[in-house]
Asks: 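The following block contains the structure, expressed as structure tokens.
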Amino acid sequence: MITFITGNNHKVEEAENIFRKFNIELEHIDLGYTEPQGTLEEVAIAGAEYASRKLNKPVIVEDAGLFIKALNDFPGTYSSYVQDTIGNKGILKLMNDLKTDQERYAEFRSVIGYCAPNIEPEIFLGKVSGVIAFEEKGDKGFAFDPIFYVPNMSKTFGELTTDEKNQFSHRRNSLELFVNWYKSNK
Ligand code: ITT
């Protein structure tokens, strides 16, 4: 069993669905600690180390974000704050003059931090490519999902079910790397 530390219930739902595919049981705890400002990797390492020492058991944490190339990777590590302030409509406004898929290129990135008592933390990076849509579409998923368009699927993440998103999302990719490592290191 793995303990996932997060305050975001959407992440829990997605992670549970992904772990089911790999036959690993997931427990969820919201420790409610403040994240340091830093890269996804730094935040994941610090969070995993803190939580595993505090709970004295193996844990994973995740730090994720949306990185828009034309905006120099904004909102990136500020994703949570930007979503709560200017939101999807604010992002769309910033992208007004950018018309092509290349100009609207973006990535979701997810870094899983794993730590257990008496060991050093490990991190696993997952990414998925897409383009920022011209308008919000779909009411599934959460946060930036309605503006993250995947050309291959001709749909935004907001139009995909959890199961569909979990076939290839940043979170699926980072968690799959973690699970493969975990199974061969146990
Ligand atoms: P925890 O730190 O408690 O896990 P959080 O919501 O604060 O939850 P992050 O620090 O990882 O999570 O912030 C990432 C933000 O990026 C998140 O709040 C969303 O706004 C956005 N985000 C991350 N993954 C996403 C996804 O799959 N779909 C849409 N938005 C996502």
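Just follow the structure's listing: the first ligand is 1, and inside any ligand the first atom is 1.
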Asks: Decide yes or no on side-chain contact (heavy atoms from CB on, under 4.5 Å) for Leu175 and Glu62, but give the supporting numbers first.
Replies: CA-CA 9 Å; Leu175 284 173; Glu62 186 209 37; over 6 Å; no
Asks: Does the side chain of Glu13 come under 3.5 Å of the side chain of Thr162 through a donor N or O and an acceptor N or O?
Replies: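 Their side chains do contain a donor-acceptor pair, which is all the 3.5 Å distance test asks for.
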Asks: Could you identify the single nearest non-hydrogen protein atom to atom 12 (O) of ligand 1 and state the distance to 0.1 Å?
Replies: Lys11 NZ, 3.0 Å
Asks: What residues form a side chain to side chain contact (heavy atoms under 4.5 Å, CB included) with Glu25, not counting sequence neighbours?
Replies: Met1
Asks: Suppose I only count heavy atoms of Ala143 and a 4.0 Å limit; which atoms of ligand 1 are within that range?
Replies: 19 (C), 20 (O), 29 (C), 30 (N)
Asks: Testing the 3.5 Å rule here: is there a donor-acceptor pair between the side chains of Glu122 and Asn185?
Replies: no
Asks: Please identify which atoms of ligand 1 are closer than 4.0 Å to at least one heavy atom of Gln83.
Replies: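 In order of numbering, the contacting atoms are 20 (O).
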Asks: What is the closest protein heavy atom to atom 6 (O) of ligand 1, and at what distance does it sit?
Replies: Asn8 ND2, 3.0 Å
Asks: Give the residue, atom name and distance (to 0.1 Å) of the protein heavy atom nearest atom 7 (O) of ligand 1.
Replies: Ser80 OG, 3.7 Å
Asks: Give the residue and atom name of whichever protein heavy atom lies nearest to atom 10 (O) of ligand 1, and the separation in Å to one decimal.
Replies: Asp63 OD1, 3.1 Å
Asks: Which protein non-hydrogen atom lies closest to atom 28 (N) of ligand 1, naming both residue and atom, and how far is it?
Replies: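 Its nearest protein heavy-atom neighbour is Asp145 OD1, 2.7 Å.
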Asks: Going by an N to O cut-off under 4.0 Å, is there a salt bridge joining Glu14 and Arg171?
Replies: yes
Asks: Once you round to the nearest 0.5 Å, how far does CD1 of Ile45 lie from CG of Leu40?
Replies: 11.0 Å
Asks: Record the part of Glu62 in heavy-atom contact with ligand 1 below 4.0 Å; permitted values are side chain, backbone, both and neither.
Replies: backbone
Asks: Run down the list Ala64, Ser79, Pro75, Gly47 and name the one with the heavy atom closest to atom 14 (C) of ligand 1.
Replies: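 Nearest heavy atom to atom 14 (C) of ligand 1 lies in Ala64.
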Asks: Find all atoms of ligand 1 within a distance of less than 4.0 Å from any non-hydrogen atom belonging to Thr6, and give their numbers and elements.
Replies: 1 (P), 3 (O), 4 (O), 8 (O)
Asks: Between Ser129 and Glu107, is any side-chain donor less than 3.5 angstrom from a side-chain acceptor?
Replies: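 Looking only at side-chain atoms, Glu107 and Ser129 do not form any donor-acceptor pair under 3.5 Å.
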Asks: Is there a heavy atom of His170 sitting under 4.0 angstrom from any atom of ligand 1?
Replies: yes
Asks: Classify the contact between Phe157 and ligand 1 as side chain, backbone, both or neither, using a heavy-atom distance cut-off of under 4.0 Å.
Replies: neither
Asks: If the cut-off is 4.0 Å to any non-hydrogen atom of Lys165, which atoms of ligand 1 fall inside it?
Replies: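 With Lys165 as reference, the close atoms of ligand 1 come out as 26 (C), 27 (O), 28 (N).
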Asks: Distance only, no hydrogens: is a donor on one side chain within 3.5 Å (strictly under) of an acceptor on the other, for Thr3 and Glu27?
Replies: yes
Asks: Does the N or O separation between Arg171 and ligand 1 drop below 3.5 Å for any pair?
Replies: yes
Asks: For atom 26 (C) of ligand 1, what's the nearest protein heavy-atom neighbour? Residue, atom name and distance, please.
Replies: Phe142 CZ, 3.3 Å
Asks: What's the shortest distance from atom 2 (O) of ligand 1 to any protein heavy atom, and which residue and atom give it?
Replies: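 The closest heavy atom on the protein side is Glu35 OE2, 2.7 Å.
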Asks: Taking the basic N atoms (NZ, or NE/NH1/NH2) and the acidic carboxylate oxygens, is any pair closer than 4.0 Å for Lys165 and Asp145?
Replies: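 The answer is yes: the pair qualifies as a salt bridge.
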Asks: For atom 3 (O) of ligand 1, which protein heavy atom lies nearest, and how many Å away is it?
Replies: Gly7 N, 2.8 Å
Asks: Would Glu103 and Lys99 pass as an ion pair if we require N to O under 4.0 Å?
Replies: no
Asks: Should Lys21 and Glu16 count as an ion pair when the cut-off is N to O under 4.0 Å?
Replies: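 A salt bridge is absent here (no side-chain N lies under 4.0 Å from a carboxylate O).
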